[in-house]
K.L.:
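Before I ask anything, let me first share the structure, which is written out below as structure tokens.
All figures in this text were calculated on a predicted structure; none of them were measured in a lab.
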Amino acid sequence: MGSAEPPRGGAVLLWGFMGTGKSSVGPLLARALGWTFVDLDEVIAAAAGASLADLFAREGEAAFRVREQQALWAAVARPGVVVAPGGGALCSDEALDRARAAGPLVVLRADVDEILRRIGGGARRPLLARAADPRRAAQDLLAARRRFYDDADLAVATDGRTPAVIAVEIAAWLRRHGLPGAPDHVVPVELGERRYPVVVAQGYAGLHRHLAPSGRGGPGVACAIVTDANVAQAQLPLLLADLAAAGLEPTVLTIEPGEASKSLGVAERVLEGLVAAGLERRSVILGVGGGVVGDLAGFVASIYLRGVPYVAVPTSLLAQVDASVGGKTGVNLGGKNLVGTFYQPQACYVNLEALATLPAMELRAGCAEVVKHALIADAALLDHLERHAERIAQGDLEALEPCVRRSIEIKAQIVARDEREAGERLFLNLGHTVGHAIEAASAYRVRHGEAVAVGLLAALRLSARRALCDAALEPRIAALLGRLGLPTAPEPWLRREVLDLCVVDKKRAAGSVRFVAVTAPGSVRIVPLTVGEIAADLLPEGDR
């Protein structure tokens, strides 16, 4: 990382040697900033009506550099652009000075062997194609350009890292140095005096503003972060850097990943950590992670000193669209979430860029909750999922963002009308009665989102057999779940010993389970059922 302060122009220049990832990282970085991406090589080729290789062969490198400079200065003259120049475009002191005046200069780096792997050995690159030893030629070219690359404001290694994660790191650094990101989207949870915002943002730069509301202390308010080991590695460096820029140095308490950490024993250890850190009643606890961390941290915040301020910072898709909104906290005790509280946060801060760091299966598991929200309240959201399923499953933030926003809106509206689950909030249990039974039967080896996906199909099957919805809805949703990378066949889990676990359900009443059935996309109802009645609808006759 360079030590210079980033320049104050209206562009970001994303530079580096061939094969370092400019064309892959650039569009993602531009989207994170709400800007436009310009790949200079593509602009030059389009204007000339010829490939770069043809231009080099026909005109030579010197003439190509003239074209390149003209295209570059025209591109950076526009405000709000991320421009990716060719690897040799700024290899003069004059060009470098002019570029730095246009905006921050970010250089991508990679090992020469990784570069050659990415570019297929260099046969299609004009400066390497005729070399007897492409590796030696690449090394010599890198050495000649090194002093220019070393003069960047920020250098980022790309070996072994995805373009999305690299773009997140760069965007976070740019925001800390004054560049704007895409505007935040705020969804209010309307609970009278306990009203709080759910902020959908790109990056963590605005998080500190939600840690010290009036009467809770100034900018130096003490805070603690509860997170798990995986999230600590993927997210904490970025988050802590942004909090440090705001003068905050939180205590970090790390738990082991997984459902086993949602226990009274782990809660006690976290509480002991808060005591040891000297946190007081006006101190703030941040739950940074997925649903397990959010449930545990919220529960701890609700009972520490009889309740301290809490900010939810969900990093998984499942937590962002569902678990972090609404104030439910809890730990497991024999059954899922059987010990807990209703305790609203003072804010929920959703960083969309955190999704770029998720393992693919974790991202896809979260999609089950989005499908659930669509079935409960929004047929248009279901249409969006069906139009963009593959992009969503691949983590395309442009396709994911409407899913996150709309899911949050749906849940926030339901919570505002029924905070304590006396009526309508029960709808959010769609797919969870059978889903929780599957989780318990698997000793929580099945991910929550995967279990909910199966639970949704079971709910649709039961709804159709009770003539509440069209039988065609189950295969339609199964097809969507399959495109999202989720389970599509409930049969392996539809066994009496699994369904018997439905009785260990917080939402049972008078011996019946308040089962959420679907009547149509965007419409559900509560049907009180015994476990025997659920089994009769879902199991073959001989297995009931």
K.L.:
Do the side chain of R118 and the main chain of G19 share a donor and acceptor less than 3.5 angstrom apart?
P.N.:
yes
K.L.:
Quick one: does R135's side chain have a donor or acceptor within less than 3.5 Å of a partner on L116's backbone?
P.N.:
no
K.L.:
Quick check: do R125 and L52 have side-chain heavy atoms less than 4.5 Å from each other?
P.N.:
no
K.L.:
Between R364 and L484, is a side chain to side chain contact (heavy atoms under 4.5 Å, CB included) present by the stated rule, with each step listed?
P.N.:
CA-CA 6 Å; R364 294 167 186 166; L484 292 169; 5.7 Å; no
K.L.:
Report the residue from E68, Q69, Q70 that forms a side chain to side chain contact (heavy atoms under 4.5 Å, CB included) with V66.
P.N.:
Q70
K.L.:
Could you give the distance from CD (E114) to OG1 (T158), rounded to the nearest 0.5 Å?
P.N.:
7.0 Å
K.L.:
Would you mind reporting whether R31 and D396 have side-chain heavy atoms less than 4.5 Å apart?
P.N.:
yes
K.L.:
Using salt bridge (Lys or Arg N to Asp or Glu O under 4.0 Å), reason through E353 and R175 one step at a time and then give a plain yes or no.
P.N.:
CA-CA 13 Å; E353 291 176 352; R175 291 195 191 97; 2.9 Å; yes
K.L.:
Answer yes or no: is there a side-chain heavy-atom contact under 4.5 Å between Y149 and V107?
P.N.:
yes
K.L.:
Verify, without hydrogens or angle tests, whether H384 (side chain) and A380 (backbone) share a donor-acceptor contact under 3.5 angstrom.
P.N.:
no
K.L.:
What orientation do H210 and Y349 show, parallel under 30°, tilted 30 to 60°, or perpendicular over 60°?
P.N.:
tilted
K.L.:
If I compare all heavy atoms of C403 with all of L385, which pair ends up nearest, and what's the gap?
P.N.:
SG-CD2, 3.9 Å
K.L.:
For the CZ atom on R161, are there more than 12 heavy atoms of other groups (residues, nucleotides or ligands in this structure) within a distance under 6.0 Å?
P.N.:
yes
K.L.:
For the backbone of G203 and the side chain of N351, can you confirm whether one donor and one acceptor N or O come within less than 3.5 Å of each other?
P.N.:
yes
K.L.:
Assess whether salt bridge (Lys or Arg N to Asp or Glu O under 4.0 Å) is satisfied between R476 and D383, documenting all intermediate values.
P.N.:
CA-CA 11 Å; R476 177 184 172 186; D383 291 341; 3.6 Å; yes
K.L.:
How close do P85 and L13 get, heavy atom to heavy atom, and via which atoms?
P.N.:
CG-CD2, 4.2 Å
K.L.:
Give the C-alpha distance, both sets of side-chain angles, the deciding distance and a yes or no for salt bridge (Lys or Arg N to Asp or Glu O under 4.0 Å) between R98 and D93.
P.N.:
CA-CA 9 Å; R98 188 170 177 181; D93 292 328; over 6 Å; no
K.L.:
For Q139, I'd like to know if atom CD has over 12 heavy atoms of other residues, nucleotides or ligands within 6.0 Å.
P.N.:
yes
K.L.:
Quick check: does any side chain N or O of D159 sit under 3.5 Å from a backbone N or O of D111, one acting as donor and the other as acceptor?
P.N.:
yes
K.L.:
Kindly compute the distance separating CG (L480) from CG (L486), expressed to the nearest 0.5 Å.
P.N.:
8.5 Å
K.L.:
Yes or no on side chain to side chain contact (heavy atoms under 4.5 Å, CB included) for L236 and I225, after CA distance, side-chain angles and deciding distance?
P.N.:
CA-CA 9 Å; L236 278 198; I225 290 173; 4.2 Å; yes
K.L.:
Take L72 and L90 through the side chain to side chain contact (heavy atoms under 4.5 Å, CB included) test and state the conclusion after the steps.
P.N.:
CA-CA 10 Å; L72 175 58; L90 306 178; 3.4 Å; yes
K.L.:
I want to check something: taking the side chain as every heavy atom from C-beta on, are L211 and L243 in contact at a cut-off of under 4.5 Å?
P.N.:
yes
K.L.:
For G86, is there any backbone N or O sitting under 3.5 Å from a side-chain donor or acceptor partner on W15?
P.N.:
yes
K.L.:
How close do A368 and G449 get, counting heavy atoms only, and between which atoms?
P.N.:
CB-O, 3.2 Å
K.L.:
Check the pair I115, L142 against side chain to side chain contact (heavy atoms under 4.5 Å, CB included), reporting the backbone distance first and the verdict last.
P.N.:
CA-CA 11 Å; I115 287 170; L142 269 169; 4.2 Å; yes
K.L.:
State, with a plain yes or no, whether a side-chain heavy atom of L381 is found less than 4.5 Å away from one of I410.
P.N.:
yes
K.L.:
Would E439 and R447 pass as an ion pair if we require N to O under 4.0 Å?
P.N.:
no
K.L.:
Distance check, rounded to the nearest 0.5 Å: L286 atom CG versus L239 atom CG?
P.N.:
7.0 Å
K.L.:
Keeping K22 on the side-chain end and F17 on the backbone end, is there a donor-acceptor pair under 3.5 Å?
P.N.:
yes
K.L.:
Y196: which residues meet the ring-ring contact (aromatic ring centres under 6.0 Å, His included) condition with it, sequence neighbours left out?
P.N.:
none
K.L.:
Nearest 0.5 angstrom please: I392 CD1 to E386 CD, how far?
P.N.:
10.5 Å
K.L.:
How are the rings of F64 and F56 set to each other: parallel, tilted or perpendicular (split at 30° and 60°)?
P.N.:
tilted
K.L.:
Give a yes or no on whether a salt bridge exists between R136 and D140, defined as a side-chain N under 4.0 angstrom from a carboxylate O.
P.N.:
yes
K.L.:
Output, in order, the C-alpha distance, side-chain angles, deciding distance and verdict of salt bridge (Lys or Arg N to Asp or Glu O under 4.0 Å) for E398 and R391.
P.N.:
CA-CA 9 Å; E398 188 175 22; R391 291 175 59 200; 3.4 Å; yes
K.L.:
Give a yes or no on this: more than 12 heavy atoms of other residues, nucleotides or ligands lie within 6.0 Å of atom CD of E390.
P.N.:
yes
K.L.:
Pick out which of R406, K372, K411 makes a salt bridge (charged side-chain N to carboxylate O under 4.0 Å, His left out) with D378.
P.N.:
R406
K.L.:
Please answer whether the main-chain N or O of V446 pairs with a side-chain N or O of S442 as donor and acceptor at a distance below 3.5 Å.
P.N.:
yes
K.L.:
Which atom names give the shortest non-hydrogen contact between V266 and S261, and what distance separates them?
P.N.:
CB-O, 3.3 Å
K.L.:
State, yes or no, whether a side-chain contact exists between C367 and L317 at a heavy-atom distance under 4.5 Å.
P.N.:
yes
K.L.:
Would you mind reporting whether V292 and D228 have side-chain heavy atoms less than 4.5 Å apart?
P.N.:
no
K.L.:
Under 3.5 Å, is there a donor on one side chain and an acceptor on the other for S407 and E369?
P.N.:
no
K.L.:
With distance as the sole test, does Q320 use its side chain to make a donor-acceptor pair with the main-chain N or O of V404 at under 3.5 Å?
P.N.:
no
K.L.:
Could you tell me whether the side chain of L29 reaches within less than 4.5 Å of the side chain of F37, counting heavy atoms only?
P.N.:
no
K.L.:
Below 4.0 angstrom, N of the basic side chain to O of the carboxylate: do E61 and R65 qualify?
P.N.:
yes
K.L.:
Of all heavy-atom pairs between L40 and V83, which one has the smallest distance, and what is that distance?
P.N.:
CD1-CG1, 4.4 Å
K.L.:
Can a donor-acceptor pair be found, under 3.5 Å and without considering hydrogens, that links the side chain of R145 to the backbone of G87?
P.N.:
yes
